[in-house]
Amino acid sequence: MNTRHALPLLAALALVAGCDKLPSAGQTDATAPVATAPVVEGVVLATVNGAPLTQSVLDIYTAQRTSQGANQEAGDPEAVLNELIALELMRQESVSKGLNALPMVVAALNQQERTALAGAAIKDFMNSNPVSDEAAQKLYDEQVGKAGKEYNARHILLETEDEARAVIALLDQGSDFSELAKEKSTGPSGSSGGKLGWFGEGQMVAPFSEATAKLEKGAYTKEPVQTQFGWHVIILDDVRDSTPPPFEDVKDRLKMLLANQQLQQHVEELKGSANIEIK
C-alpha cells in the first residue's frame, strides 16, 4: 500500500494545529482606535495600550514559532511574550496608519481566518468520527499484513523501442548487462550499471513491476518494457519474501489514512451540496 500522498487534508490540518483560537480579522476601518483588538478569553498576561494579550494567545504564538522551526530562546516564555508584545505594537501601528485596509492585507487576514476556521471544522469532524482499532486491523489484514515479494533488479533505459531491442540483441550475444547500462542507459542508474536495489511489489510503475515479477532469477526481459519514462530492459538479480511490519508499528499511520479517507469523503459530500461557481 502506498500512503506517501494519501494525507493532503491532514497535512493541511497540521498547518493550523494549535491555531483554532486565532484572533479574527479584526477592524478594517483605518479610523479604529489603535488599542482595539479582538477579545480572547483567558488569563491576561499583559496589556499593550489597553489591548490584552492572554495565555491562550501566547500558547498559539509559541506553537506557531515551533512549527516554523524557531528555536532561539524557544524555551523562554518571557522572551516569547516580549516578541508577542512587539507584534501587537506593530499591529497597532499598522491600524493607525490604515494599512489594515490595504487589499493585500485584507486578503491575507481573510485567508488566515479561513484557514483557522477550516482547521477547527476538520478537528471537529475527526473528533466526531474516530477510527477504531478494528478498522485499522481490517485494512492491515487486507493490504499491509500479507507477505509479498521483494526484487533486486537492474535496468537499461532507452528512448526508443528499437534501441531497446538492439540492447536485447546484444545481451543475447553475451554482452555484459552492467557494461551496456553504463554505455547506453539514459536513466540516472546507468552509471552504476543500472542498479535499482531492492523494491517491493507496487513500488515501481505497473508495467515495470509486472515485467519484473514474471522474470526468473538471473533472466532479463526478452521484450522491451514501456513506461512513461521510456523503454526498459530489465534483469532480475534476486528475489525474496517480504516480511510485513507488525500491526502495532503501523496502526497509527493506518488510522490516519482511514481518517483522511473519511475526511475526503466528507469534503466531497459538502461539494455535492454546495453552490460552487468557478470563474
>> Working note: Gln262 + Gln265, criterion side-chain contact (heavy atoms from CB on, under 4.5 Å); need CA distance, chi angles, decisive distance, verdict.
In response: CA-CA 5 Å; Gln262 291 182 166; Gln265 182 178 353; 5.7 Å; no
> Between Phe199 and Thr212, does a side-chain contact (heavy atoms from CB on, under 4.5 Å) hold up when you go through it step by step?
Replying inline: CA-CA 11 Å; Phe199 56 90; Thr212 303; 3.9 Å; yes
>> For Leu53 and Val48: C-alpha separation, side-chain torsions, deciding distance, then whether side-chain contact (heavy atoms from CB on, under 4.5 Å) applies.
In response: CA-CA 8 Å; Leu53 298 178; Val48 183; 3.9 Å; yes
>> The test is side-chain contact (heavy atoms from CB on, under 4.5 Å); show your working for Val95 and Leu99 and say whether it passes.
In response: CA-CA 6 Å; Val95 172; Leu99 301 179; over 6 Å; no
> Please walk me through it: do Lys97 and Glu93 pass salt bridge (charged side-chain N to carboxylate O under 4.0 Å, His left out)?
Replying inline: CA-CA 6 Å; Lys97 292 182 176 180; Glu93 180 175 322; 3.0 Å; yes
>> Evaluate Ser189 against Arg154 for side-chain hydrogen bond (donor to acceptor under 3.5 Å, both in side chains), listing each step before the verdict.
In response: CA-CA 8 Å; Ser189 66; Arg154 289 171 285 155; over 6 Å; no
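In this structure, Thr66 contributes its side chain and Thr62 its backbone to a donor-acceptor pair below 3.5 Å. In this structure, the side chain of Asn127 engages the main chain of Lys123 through a donor-acceptor pair within 3.5 Å. The backbone N or O of Lys182 lies less than 3.5 Å from no partner atom in the side chain of Ser185, so there is not a single donor-acceptor pair. In terms of modelled atom types and a separation under 3.5 Å, the side chain of Ser273 and the main chain of Leu270 share a donor-acceptor contact. Side-chain N or O atoms of Gln203 include one that pairs as donor or acceptor with a backbone N or O of Gly200 at under 3.5 Å. With hydrogens and angles ignored, the 3.5 Å screen pairs no side-chain donor or acceptor of Ser242 with any backbone N or O of Ala147. Remark: side-chain polar atoms of Gln143 are not paired, donor with acceptor, to backbone N or O of Tyr140 under 3.5 angstrom. A distance-only check finds a donor-acceptor pair linking the side chain of Asn129 to the backbone of Phe125 [under 3.5 Å]. The main-chain N or O of Leu171 is never found under 3.5 Å from a side-chain atom of Ser175 such that the two would form a donor-acceptor pair.
Note: the hydrophobic cluster containing Ile156 does not contain Leu196 (ILVMFWY, side chain heavy atoms under 4.5 Å, direct or indirect links). Residues Leu236 and Val205 are members of one and the same hydrophobic cluster, defined by side-chain heavy-atom contacts under 4.5 angstrom among Ile, Leu, Val, Met, Phe, Trp and Tyr. The same ILVMFWY cluster, assembled from side-chain heavy atoms under 4.5 Å apart, contains both Leu89 and Leu84. Under the 4.5 Å side-chain heavy-atom criterion for grouping Ile, Leu, Val, Met, Phe, Trp and Tyr, Leu180 is connected to Leu158 within one hydrophobic cluster.
Side chains of Lys195 and His155 form no contact here, defined as non-hydrogen atoms less than 4.5 Å apart. Within the 4.5 Å cutoff, no side-chain heavy atoms of Tyr151 are placed close to those of Met204. Within the 4.5 Å cutoff, side-chain heavy atoms of Phe177 are placed close to those of Val233. In this structure, Lys184 and Leu170 have side chains that are in contact, with non-hydrogen atoms separated by less than 4.5 Å. For the pair Val105 and Leu109, the minimum side-chain heavy-atom distance is below 4.5 Å. Between Glu183 and Glu179, the closest side-chain pair of non-hydrogen atoms is not below 4.5 Å. Side-chain contact between Leu263 and Ile122: present, with at least one pair of heavy atoms (C-beta onward) separated by less than 4.5 Å. Using a 4.5 Å cut-off on side-chain heavy atoms (C-beta onward), Asn82 and Ile85 make contact.
The structure places OG of Ser209 at 15.0 Å from NZ of Lys149, a figure rounded to the nearest 0.5 Å. The OG1 atom of Thr186 lies 3.5 Å from the CG atom of Leu157; values are rounded to the nearest 0.5 Å. Rounded to the nearest 0.5 Å, atoms CG (Leu87) and CD (Gln92) are 11.5 Å apart. Taken to the nearest 0.5 Å, the CE atom of Met256 stands 7.5 Å off from the CZ atom of Arg253.
Across all their heavy atoms, Pro52 and Thr47 have their closest contact at CA-CG2, 4.1 Å. In plain terms, the two heavy atoms of Glu163 and Glu159 that are nearest each other are OE1-N, 3.2 Å. The two residues Val250 and Pro245 make their nearest non-hydrogen contact at CG1-CG, 3.7 Å. Of all non-hydrogen atoms in Leu254 and Leu139, the two that sit nearest each other are CD2-CD2, 3.8 Å.
By the 6.0 Å contact criterion, CD on Glu269 is enclosed, its count of non-hydrogen atoms from other residues, nucleotides or ligands being greater than 12. Crowding of Glu277 atom CD: a count of heavy atoms from other residues, nucleotides or ligands under 6.0 Å not exceeding 12. More than 12 heavy atoms of other residues, nucleotides or ligands shown are found within 6.0 angstrom of CD on Glu161.
When the ring-ring contact (aromatic ring centres under 6.0 Å, His included) test is applied to Phe229, no partner is found at least two apart in sequence or on another chain.
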Show me, pair by pair, the donor-acceptor contacts under 3.5 angstrom made by side chains of residues 213-226, not counting sequence neighbours?
unit_1	atom_1	unit_2	atom_2	d
Lys217	NZ	Asp238	OD1	3.4
Tyr220	OH	Asp172	N	3.3
Tyr220	OH	Asp172	OD1	2.4
Tyr220	OH	Lys222	NZ	3.0
Thr221	OG1	Ile234	N	3.1
Lys222	NZ	Asp172	OD1	3.0
Glu223	OE1	Arg165	NH1	2.9
Glu223	OE1	Arg165	NH2	2.8

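Comment: Glu150 engages Arg240 in a salt bridge, judged by a side-chain N to carboxylate O separation of less than 4.0 angstrom. For the pair Asp133 and Lys255, the salt-bridge criterion is met [side-chain N within less than 4.0 Å of a carboxylate O].
At a cut-off of 3.5 Å, with distance as the only test, no side-chain donor of Gln112 or Thr115 sits close to an acceptor on the other residue. Between the side chains of Glu268 and Gln264, not a single donor N or O lies within less than 3.5 Å of an accepting N or O.
A perpendicular orientation is assigned to the rings of His232 and Phe208, their planes being inclined by more than 60° (bins at 30° and 60°).
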